[in-house]
Every structure is written in structure tokens, then in C-alpha cells.
Amino acid sequence: RWLLKKGVSEQKDQSYVLYTLTQHQLAHLRLPLGDYTKEEIREIARSAGFANADKPDSQDICFVPDGDYVAFMKRYTGKDYPGGDYLDLSGKVVGKHCGAVCYTLGQRKGLGIALGAPVYVCGKDMAANTVTVGPESALFATTLLADNWNWFPFEKLTTPIRVMAKARYRHIPQPATVYPEENGIARVVFDTPQRAITPGQTVALYDGDMVVGGGIITEVI
């Protein structure tokens with residue numbers, strides 16, 4: 001089987017977002033920059049006289065240059081995103097938000113509510129347009145379920161394995177055990193609680209510099 005490995009530059013490694021590559025795609029793919037750092041590539045570009053040798057790195061989502069993701073989605077979808085209720089962990093309404101789409105799990109700044117103590121976004125219900133807030137301690141969990149897996153060293157996970165797991169792009173991989181479940185789902189259990197694991201994000205699994213596989217987080221337990 002064809003394997004996917006990390007690039008030598010931890011800061012620029014893109015293996016987290018390349019986990020969907022199939023065996024057929026990998027068989028026809030070359031990744032010539034994996035053995036270089038970004039500065040080494042810039043030096044090669046300078047020596048070759050490339051005009052973009054010192055072009056600044058792109059930040060966040062490159063096709064939203066102003067950083068206003070909500071405005072972009074409004075333009076792209078033609079939809080409006082109305083405000084709704086903030087809820088506390090018990091389900092009580094504690095304020096009004098500007099639209100659930102505007103908030104991310106773990107967010108503290110820009111909430112526009114004062115509850116006597118710092119609160120963070122701990123959950124969202126997009127169908128009900130509610131945002132749940134609570135203390136930072138409520139953001140930590142050890143277990144997630146994920147589906148839509150793509151595996152590299154084997155076709156299917158059949159036994160529990162030890163891995164280093166990464167639950168978002170900037171997440172430092174953490175030790176975990178992954179267990180096969182029914183219907184292609186796998187359960188990832190971290191050794192220690194992790195902050196703001198978010199459904200819809202990718203979880204990528206590593207063994208050293210090799211990508212074991214990746215899937216889409218569906219539930220946090």
C-alpha cells in the first residue's frame with residue numbers, strides 16, 4: 001500500500017488536510033517539497049530569480065482576504081443568518097447572539113454577554129440556532145467518534161491501535177488509542193482530556209511521521 005508521511009517542516013506540514021488521498025491518487029502523486037523547509041524553498045526561488053520568492057505566507061482562508069467569514073458565506077449562499085438564544089449548560093436562555101454560524105467552539109472574545117464570570121462557547125445547535133456557553137472546564141473531553149475514515153497502512157481498522165491523534169490543524173498530536181466500532185466508525189480515546197474537540201473537524205492519526213488515517217468527527221463524548 002502507498003503511505004502518506006509528514007513533511008520535515010512541522011510548521012508547514014499539510015498531512016492533516018491530505019488524509020483523504022486515496023491509494024489510486026497516491027500512486028500517481030509526487031510531493032517534491034516534503035524534504036524542505038519553507039526557508040529552503042524560498043532560497044531556491046531567490047536563486048532562480050522567482051518574483052514571488054519573498055511573498056508573504058497566506059493566512060487563514062486565502063479566498064476570504066478580509067477575514068469576514070460570515071459575510072463571505074452570506075455572499076456565497078445568498079442566505080441570511082439570524083440571531084438566536086445563548087443557553088447555559090442547563091438549557092436556560094442567558095442572552096442573545098448574532099447567529100450561531102458566527103461562533104466557534106472554545107471562543108471567548110466577542111460574545112457580548114456578561115454572566116459574572118468568563119464563559120466560552122461550549123456547543124452549538126445549528127438547527128435550533130442556539131449557542132451554549134459555559135466555563136472553560138466544560139470544553140474538555142477525552143473521547144470522540146468519527147466516520148468517513150481513510151486508512152493508509154491497511155484497508156480497514158480491525159483491532160485497537162495506539163496513535164498520536166490531532167483533532168484540528170494547529171493541535172499538537174496527543175497520545176490516544178483508536179478502537180473500531182460498527183459501520184465504519186472509530187472511537188478515539190485520548191490519554192488526557194483535550195480542549196474544544198469539534199464535530200465536523202478532521203481527526204488525523206499518526207505513527208511517528210506516518211499518517212495512519214483520518215476521519216470526520218461526528219460526536220464528542
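All values below come from the heavy atoms of this structure, side chains included, with hydrogens, waters and symmetry mates left out. We number each residue from 1, following the sequence as shown.
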For residues 209-221, please give each side-chain donor-acceptor pair under 3.5 Å, one per line with the distance, not counting sequence neighbours.
{"unit_1": "Thr218", "atom_1": "OG1", "unit_2": "Leu145", "atom_2": "O", "d": "3.2"}

Are any side-chain N or O atoms of Arg187 and backbone N or O atoms of Glu181, one a donor and one an acceptor, separated by less than 3.5 Å?
no

So do the side chains of Leu18 and Leu4 get within less than 4.5 Å of each other, counting heavy atoms only?
yes

Which atom pair, heavy atoms only, marks the closest approach of Ala186 to Leu157?
CB-CD2, 4.2 Å

Less than 4.0 Å between a side-chain N and a carboxylate O, is that true for Asp68 and Lys74?
no

Flag, side chain of Thr202 to backbone of Ala204, donor-acceptor distance under 3.5 Å
no

Over 12 foreign heavy atoms within 6.0 Å of OH, Tyr69
yes

Any idea which heavy atoms bring Val163 and Val178 closest together, and the distance?
CG1-CG1, 4.1 Å

Under the ring pair (Phe, Tyr, Trp, His ring centres under 6.0 Å) rule, what pairs show up with a residue in residues 100-120, not counting sequence neighbours?
Tyr86-Tyr103, His97-Tyr103

Looking at every non-hydrogen atom in both residues, tell me the closest pair between Arg168 and Ala196 and how far apart they are.
NH1-O, 3.8 Å

With rounding to the nearest 0.5 Å, note down the distance linking CG in Asp207 to CE in Met164.
10.5 Å

Work out which heavy atom in Arg162 is nearest to a heavy atom in Pro175; give both atom names and the distance.
NH2-CB, 3.8 Å

Can you list the residues that meet the ring-ring contact (aromatic ring centres under 6.0 Å, His included) rule with Phe72, with sequence neighbours excluded?
Phe63, Tyr76

Smallest separation among heavy atoms of Phe152 and Tyr19, with atom names
CZ-O, 3.3 Å

Val8 and Leu3: same hydrophobic cluster, using ILVMFWY side-chain contacts below 4.5 Å?
no

Within 6.0 angstrom of Glu155 CD, more than 12 heavy atoms from elsewhere:
no

In sequence, state the C-alpha distance, the side-chain angles, and the governing distance for Gln174 and Ile172, and then conclude on side-chain contact (heavy atoms from CB on, under 4.5 Å).
CA-CA 6 Å; Gln174 299 293 317; Ile172 298 173; 4.0 Å; yes

Electrostatic pair Arg108-Glu136, nearest N-O below 4.0 angstrom
no

Tell me which pairs pass ring pair (Phe, Tyr, Trp, His ring centres under 6.0 Å) where either residue lies in residues 155-207, with sequence neighbours left out.
none

Is it true that Asp13 and Lys5 have a side-chain N and a carboxylate O under 4.0 angstrom from each other?
no

Here the salt bridge (Lys or Arg N to Asp or Glu O under 4.0 Å) pairs for residues 81-91, sequence neighbours left out, are Asp85-Lys96

Does the side chain of Cys122 come within less than 4.5 Å of Val131's, by heavy atoms?
no

Give, for atom OG of Ser15 and atom CD of Glu10, the distance between the pair rounded to the nearest 0.5 Å.
8.0 Å

same_hphob_cluster(Val17, Val203) at 4.5 Å side-chain heavy-atom cutoff:
yes

Starting from the C-alpha separation in whole Å, work towards a yes-or-no answer on side-chain contact (heavy atoms from CB on, under 4.5 Å) for Gln11 and Lys38.
CA-CA 9 Å; Gln11 293 76 21; Lys38 184 64 173 283; over 6 Å; no

Rounded distance (nearest 0.5 Å) linking atom SG of Cys102 with atom CG of Leu111
11.5 Å

Taking the side chain as every heavy atom from C-beta outward, state whether Pro180 and Pro160 have any pair of such atoms under 4.5 Å apart.
yes

To the nearest 0.5 Å, what is the distance between OG1 on Thr20 and CG on Asn150?
7.0 Å

Applying side-chain contact (heavy atoms from CB on, under 4.5 Å), can you list everything that pairs with Lys55, at least two apart in sequence or on another chain?
Asn52

Exercise: identify the closest heavy-atom pair between Gln201 and Ala167:
CB-O, 3.8 Å

Those residues that, when tested against Arg170, pass side-chain contact (heavy atoms from CB on, under 4.5 Å) (two or more places apart):
none

Is Asp54 paired with Arg46 through a side-chain N to carboxylate O contact shorter than 4.0 Å?
yes

Identify, with sequence neighbours excluded, every residue that meets side-chain contact (heavy atoms from CB on, under 4.5 Å) alongside Thr142.
Pro193

What about Ile197 and Val121, same hydrophobic cluster or not, with Ile/Leu/Val/Met/Phe/Trp/Tyr joined at side-chain heavy-atom distances under 4.5 Å?
no

Check whether any side-chain heavy atom of Pro82 sits under 4.5 Å from a side-chain heavy atom of Asn129, and report yes or no.
yes

Taking a hydrophobic cluster as the set of Ile, Leu, Val, Met, Phe, Trp and Tyr residues connected by side-chain heavy atoms closer than 4.5 Å, whether directly or through intermediates, do Val101 and Val64 fall within one such cluster?
yes

Across all chains, not counting sequence neighbours, the ring-ring contact (aromatic ring centres under 6.0 Å, His included) partners of Trp151 are Trp149, Phe154

Applying side-chain contact (heavy atoms from CB on, under 4.5 Å) to Thr22 and not counting sequence neighbours gives His24, Gln25

Under the rule for side chain to side chain donor-acceptor pair (under 3.5 Å), what residues qualify as partners of Thr158, not counting sequence neighbours?
none

Quick check: is Met126 connected to Tyr81 through a chain of hydrophobic side chains (ILVMFWY, heavy atoms under 4.5 Å apart)?
yes

Listed pairs under 3.5 Å, donor-acceptor, residues 29-37 side chains, sequence neighbours left out:
{"unit_1": "Thr37", "atom_1": "OG1", "unit_2": "Glu40", "atom_2": "N", "d": "3.2"}
{"unit_1": "Thr37", "atom_1": "OG1", "unit_2": "Glu40", "atom_2": "OE1", "d": "3.4"}

Leu87 and Val94: CA distance, side-chain angles, deciding distance, side-chain contact (heavy atoms from CB on, under 4.5 Å) verdict
CA-CA 6 Å; Leu87 307 178; Val94 293; 5.8 Å; no

